[in-house]
Amino acid sequence: MDSQLADAPKADILVIDDTPDNLNLLSTMLTQQGYKVRSVTKGATGLRGAQAAPPDLILLDVNMPQMNGYEVCQQLKADDRTHDIPVIFISALEDVLDKVKAFAVGGVDYITKPFQVQEVLARIDSHLTICRLQKQLQAQNARLQQEIRDRQQAEEKFAKAFRSSPSPIAITTFPEGQFVEVNPSFLKMSGYPLSEVIGHTAADLRLGIAQETYNQAIQQLLETGSLYNQECEFRTKSGELKVVLLAIEQIELDGVQCLLNTINDITERKRLENEFISLVSHELRTPLTSLMGALDLLIAGKLGSLTEQGQKVLSIAITNTERLIRLINDILDLERMKSGRITMQMTKCNAASLLTEATEAMQAMADQAQVQLLTHPLDVELWADPDRLLQTLTNLLSNAIKFSEPGSKVWLRAEVRSQKPEARSQKPEGEEEGENLIQNSKFKIQNSQSSESIHHSSPPHTTHPTPHTLSITVKDQGRGIPADKLQTIFERFQQVDASDSRKKGGTGLGLAICRNIVEQHDGRIWVESTLGQGSTFYVTLPIYE
Ligand code: ADP
């Protein structure tokens with residue numbers, strides 16, 4: 001490439017001079033310097049040559065018969081094809097060179113004959129350089145203009161999409177979270193006027209987007225570069241609670257790091273979905289119950305005996321009907337809990353008994369799956385709904401067993417922690433193997449209430465939350481859960497693998513029910529997991545005194 005450049009002529013120069021000696025001299029001199037030279041003796045011929053193949057520079061004699069240099073130059077400048085070619089006038093010393101006219105008709109320079117070779121070369125070189133730089137500048141300018149136009153168009157498109165989007169959009173500073181710009185849909189949904197939004201944060205406005213959910217979303221955004229469809233709650237100015245899907249992108253606005261928050265209001269969709277699910281469930285429950293009754297009669301042989309093949313088919317029908325009934329019961333259970341039609345029946349209960357009961361309930365399943373169940377209960381008194389907590393623990397244990405290989409272990413452990421429930425990232429101490437069965441702790445928090453059941457959803461007012469929480473963990477050595485599913489599996493019908501419900505007999509509702517129960521106890525539930533190594537589900541509950 002470089003050698004090609006070195007071999008290529010430096011520039012194409014057209015010399016127009018009616019004196020053959022001058023022409024030869026210039027031509028030889030320039031050719032020797034590596035220029036490509038065309039020489040003509042007549043102005044008109046030079047003009048045509050320049051128009052047909054524009055040179056990089058023209059050396060033009062002033063005094064020529066027929067058409068003099070000034071006229072040639074004027075015509076060159078009047079033609080778009082030759083307008084930008086630099087013209088250097090040449091004149092003999094005895095000629096009267098009208099310098100002003102030379103510049104006025106568009107010449108860039110002039111040289112007087114007899115000329116000094118070095119001077120001519122220096123002038124040609126500097127004008128070629130100026131011309132090249134000028135062209136570069138023009139090209140750069142054109143590029144910049146195009147970029148500005150593109151940017152303006154993009155900005156205009158964004159501004160239009162921002163203004164007219166039916167989805168509420170808000171731009172917030174990062175990490176402070178102050179609203180910088182919001183679109184009309186955002187104002188409409190939130191019910192706030194612009195003046196009450198700009199400069200404030202979601203927390204200032206009590207928009208109800210749980211700080212922790214938002215922080216987790218930001219964390220995911222920083223790790224993966226974007227975040228789509230994070231479900232959260234949004235409280236409007238009038239106090240109405242909406243369910244929204246949040247998508248966040250990082251953008252830079254006037255040099256400031258910002259977040260582009262796009263919101264999708266799915267409140268109505270959710271309501272219809274819930275209504276539909278509950279309607280279908282109610283409609284299905286009665287025929288399914290009677291179907292199950294009929295199948296029970298058949299399997300009990302009350303309607304005559306069946307062939308072996310018939311028995312097999314009937315068992316499959318019963319298993320599937322049971323699964324459907326379980327699914328419908330779970331749906332209705334969750335729906336009643338969410339709508340507040342089921343409240344927790346709070347009473348004083350003992351964590352050790354609950355853990356033991358949960359283990360006993362799941363022992364048969366564990367034996368069948370050849371999974372060893374190791375329990376570490378703790379003698380702590382709790383203010384809770386024992387049936388619902390048992391439901392939570394048995395569901396977690398059932399999952400742990402379901403997703404474990406034969407020969408592996410599942411641990412159920414309780415510990416008292418002195419942190420507040422929010423301090424949730426800390427893991428329990430390592431589980432030592434063989435440290436099995438009931439381990440009674442000295443730790444006991446006395447409750448002034450009698451142990452009989454009191455139907456409140458909150459602890460009696462004589463009690464106060466202590467700085468202690470009960471942390472219950474269910475740990476397995478099973479297949480683990482991918483990082484992007486750690487949160488979603490607590491949503492309704494969310495499973496890691498679409499085939500889980502078919503292969504493992506689940507409904508995808510268990511964890512949603514567990515979360516609802518734990519949250520109604522003012523507790524927290526989450527999971528940590530390593531793919532291929534196992535998962536640990538954590539439930540923390542406040543302890544009252
Ligand atoms: P299911 O009835 O399907 O078990 P859950 O809501 O209890 O419904 O669980 C949802 C999904 O979470 C399961 O289908 C499974 O994909 C995943 N999951 C739950 N617990 C575990 C676990 N201990 N190990 C691996 N995956 C699990």
Side-chain angles (χ1 to χ4, degrees), residues 231 273-274 277 281 319-338 355 358-359 361-366 368-376 388-413 427-428 431 471-520 523-540:
E231 191 175 314
E273 198 180 290
N274 287 344
I277 289 172
S281 310
T319 312
N320 282 318
T321 311
E322 278 171 351
R323 205 175 116 214
L324 271 179
I325 291 176
R326 212 164 46 239
L327 173 67
I328 285 164
N329 285 341
D330 277 356
I331 291 173
L332 292 175
D333 217 13
L334 188 60
E335 189 230 343
R336 280 196 297 258
M337 271 187 224
K338 280 194 155 177
L355 264 64
T359 312
M362 299 316 295
Q363 194 59 57
M365 182 182 176
Q368 204 185 3
Q370 295 168 39
V371 170
Q372 201 182 340
L373 208 52
L374 305 168
T375 312
H376 306 247
R388 292 294 174 183
L389 270 194
L390 197 60
Q391 185 181 355
T392 303
L393 296 183
T394 51
N395 188 62
L396 294 180
L397 283 174
S398 139
N399 279 348
I401 296 167
K402 241 175 16 184
F403 296 105
S404 289
E405 291 299 318
S408 59
K409 295 185 173 119
V410 167
W411 291 266
L412 172 64
R413 167 193 285 267
K427 288 187 179 183
E431 285 80 7
S471 166
I472 303 175
T473 49
V474 176
K475 177 183 159 84
D476 65 56
Q477 300 174 307
R479 70 177 194 195
I481 300 162
D484 64 330
K485 296 279 193 309
L486 291 177
Q487 303 217 14
T488 52
I489 52 165
F490 290 94
E491 303 290 336
R492 244 175 15 175
F493 302 119
Q494 293 292 331
Q495 295 178 312
V496 170
D497 194 321
S499 64
D500 278 353
S501 73
R502 195 170 17 90
K503 289 198 194 138
K504 307 280 182 184
T507 62
L509 287 164
L511 289 177
I513 294 176
C514 290
R515 183 171 71 174
N516 202 292
I517 294 173
V518 173
E519 284 177 355
Q520 292 211 41
R524 302 187 40 76
I525 182 167
W526 74 97
V527 61
E528 287 171 8
S529 184
T530 310
L531 267 186
Q533 289 186 22
S535 314
T536 306
F537 281 80
Y538 295 86
V539 172
T540 55

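In each ligand, atom 1 is the first atom listed, and ligand 1 is the first ligand listed.
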Discussion item. Please classify the Phe537 to ligand 1 contact at 4.0 Å (heavy-atom distances, strictly less than): side chain, backbone, both or neither.
Written reply: side chain
Worksheet entry | ligand 1 to Gly510 polar contact by distance, N or O atoms, under 3.5 Å | yes
Worksheet, complete the sentence: Nearest heavy atom to atom 4 (O) of ligand 1, choosing from Thr536, Val474, Asn399, Leu531, belongs to Asn399
Worksheet entry | Interfacing atoms of ligand 1 (cut-off 4.0 Å, heavy-atom, Leu509) | 6 (O), 8 (O)
Worksheet item: Where's the contact between Val496 and ligand 1, heavy-atom distance under 4.0 Å: side chain, backbone, both or neither?
Response: both
Worksheet item: Heavy-atom contacts under 4.0 Å between Val527 and ligand 1: side chain, backbone, both, or neither?
Response: neither
Discussion item. Within ligand 1, which atoms have a heavy atom of Gln494 less than 4.0 Å away?
Written reply: 10 (C), 11 (C)
Fill in: Shortest heavy-atom approach to atom 1 (P) of ligand 1 - which of Cys514, Gly534, Ser535, Gly508
Gly508
Item to complete: Report, in ascending order of atom number, the atoms of ligand 1 lying under 4.0 Å from any heavy atom of Ala400.
Response: 23 (N)
Practice prompt. Give, for atom CD of Glu491 and atom NZ of Lys485, the distance between the pair rounded to the nearest 0.5 Å.
Written response: 12.5 Å
Worksheet item: Is it the side chain (CB and beyond), the backbone, both or neither of Leu396 that lies under 4.0 Å from ligand 1, heavy atoms counted?
Response: neither
Response to the item:
Rounded to the nearest 0.5 angstrom, the NZ-CD distance for Lys475 and Gln477 is 7.0 Å
Item to complete: Please work out which of Asp330, Asn395, Leu511, Asp476 has its closest non-hydrogen atom nearest to atom 23 (N) of ligand 1.
Response: Asp476
Worksheet item: Any luck finding a side-chain donor-acceptor pair between Gln391 and Asn395 under 3.5 Å?
Response: no
Practice prompt. Mind checking the CZ-CG spacing from Arg326 to Asp330? Nearest 0.5 Å is all I need.
Written response: 8.0 Å
Worksheet entry | Under-4.0 Å heavy-atom contact with ligand 1, by part of Lys485 that carries it | neither
Worksheet, complete the sentence: Rounding to 0.5 Å, atoms CG (Leu509) and CG (Asp333) come to a distance of 9.5 Å
Worksheet item: Numbering the atoms of ligand 1 from 1, which are under 4.0 Å from a heavy atom of Lys402?
Response: 1 (P), 2 (O), 4 (O)
Worksheet item: What distance do Lys402 atom NZ and Arg479 atom CZ have between them, rounded to the nearest 0.5 Å?
Response: 9.5 Å
Item to complete: Report the distance from atom CD1 of Ile481 to atom CG of Asp476, rounding to the nearest 0.5 Å.
Response: 7.5 Å
Worksheet item: Under 4.0 Å from any heavy atom of Gln495, which atoms of ligand 1 are there?
Response: 1 (P), 3 (O), 11 (C), 14 (O), 16 (O)
Fill in: Arg492 with Glu231: basic N within carboxylate O range, under 4.0 Å
no
Practice prompt. Would you check if the side chain of Thr473 reaches a backbone N or O of Phe537 as a donor-acceptor pair within less than 3.5 Å?
Written response: no
